[in-house]
Amino acid sequence: MKTIATLPKTSSGLLLLTSWVLIFMELCTVFSGGEAAHAVKRFTGLYTGPYFDPSTTTNITTQLGTHAYLPCKVKQLGNKSVSWIRRRDAHILTVDRFTFIADDRFQAFLVEPTDTWTLQVKYVQARDAGQYECQVSTEPKMSHFITLNVVVPKIEIMGESDIYVKTGSPVTLKCIITQSLEEPAYIFWYHDGVRVLGYDPSILEIRMERVRADTTIGTLQIHHARPEDSGNYTCSPSNLDSASVLLHVLNGEHPAAMQRGKNSASPIPGWPHLSMGLGLGACTSPRFAFAIALSVAAMAELLVT
């Protein structure tokens, strides 16, 4: 009877244990894929302070002489400050809207709809290239780094640095600008420091053309050159360096002995003889070389024996 009496108690214990196991498994299912999981996900995705928008760029490329804009998107900034720091010399450029550098090309401003603190660099110079730090005044400090790349276009006037023409001949000067991200707003020409104006197309023409995505050509054409057209001609694009040539308008002279441009080279008197002497001294005759070889072989044989 004692054994029979304990059977229901054992069965009840097993039933209770089985029920708890089933409840625990159900709870695990709910917490792993139900509302509790969503609650945990919301909690782990919640920022309690400032944070940088992950879509913020880390590289900006601009052209020499243009304006650069470095964006820094900071969410939930609250009462914290945003500073811009130039990494190469650790110079603080701005704090919020205040500028802390004597160079007035630098300025920071806030684009409120996107929570973006933007550093503006006007008339970018080659030395402005490098890394800039957007820093938030949290503890510890938060930083986002942006690299500014500066593209420097190449400017040259086609041909030699000295151009010789006869009176009455046409002259065409072409100023070629390559490796440029943007087309210049204008290309000015100067003759001996005075700007050339193409008011009379019967005398000269000035034009500018974008021939490729990174190439612009400015042309100055003089239809009939006169002696007074001689002098220095400078091509000066907007916000870029300039290039110059010298124009010589000849009135019957023979310029053959004068035409020497930047790509020409003249021999130094006496150098051909010097070069020939150096060549003869450096070269050894075959018979002399053979004699040296025999001497070395003989000496080696004596040392061995």
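Everything numeric here is computed off the predicted structure, so don't read it as measured data.
Interatomic distance, OH of Y233 versus OG of S244, reported as 12.0 Å (0.5 Å rounding). Note that CG of L197 and CH2 of W189 are 14.0 Å apart. Values are rounded to the nearest 0.5 Å.
V121 approaches V124 most closely through the heavy-atom pair O-CG2, 3.6 Å. The two residues V165 and A225 have their closest heavy-atom pair at CG2-CB, 4.1 Å. Among all heavy-atom pairs drawn from R127 and R88, the shortest one is O-NE, 3.6 Å. Between D229 and L247, the shortest heavy-atom contact is O-CD2, 3.6 Å.
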**Message:** Is there a side chain to side chain contact (heavy atoms under 4.5 Å, CB included) between W84 and Q107? Walk through the geometry before answering.
**Reply:** CA-CA 10 Å; W84 278 100; Q107 178 187 0; over 6 Å; no
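Shown here is Y123, whose OH atom has no more than 12 heavy atoms of other residues, nucleotides or ligands within 6.0 Å.
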Side-chain donor/acceptor pairs under 3.5 Å, residues 175-182, sequence neighbours excluded:
residue : atom : partner : partner atom : Å
S180    : OG   : R210    : NH1          : 3.1
S180    : OG   : D214    : O            : 3.2

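F188 has its ring centre less than 6.0 Å from the ring centre of Y186.
Contact check on R207 versus E209 returns no salt bridge, with no Lys/Arg side-chain nitrogen under 4.0 Å from an Asp/Glu carboxylate oxygen.
Taking T172 as the reference, nothing meets the side chain to side chain donor-acceptor pair (under 3.5 Å) condition, with sequence neighbours excluded.
Applying the 4.5 Å side-chain rule to ILVMFWY residues, one finds that F145 remains a lone member of its cluster.
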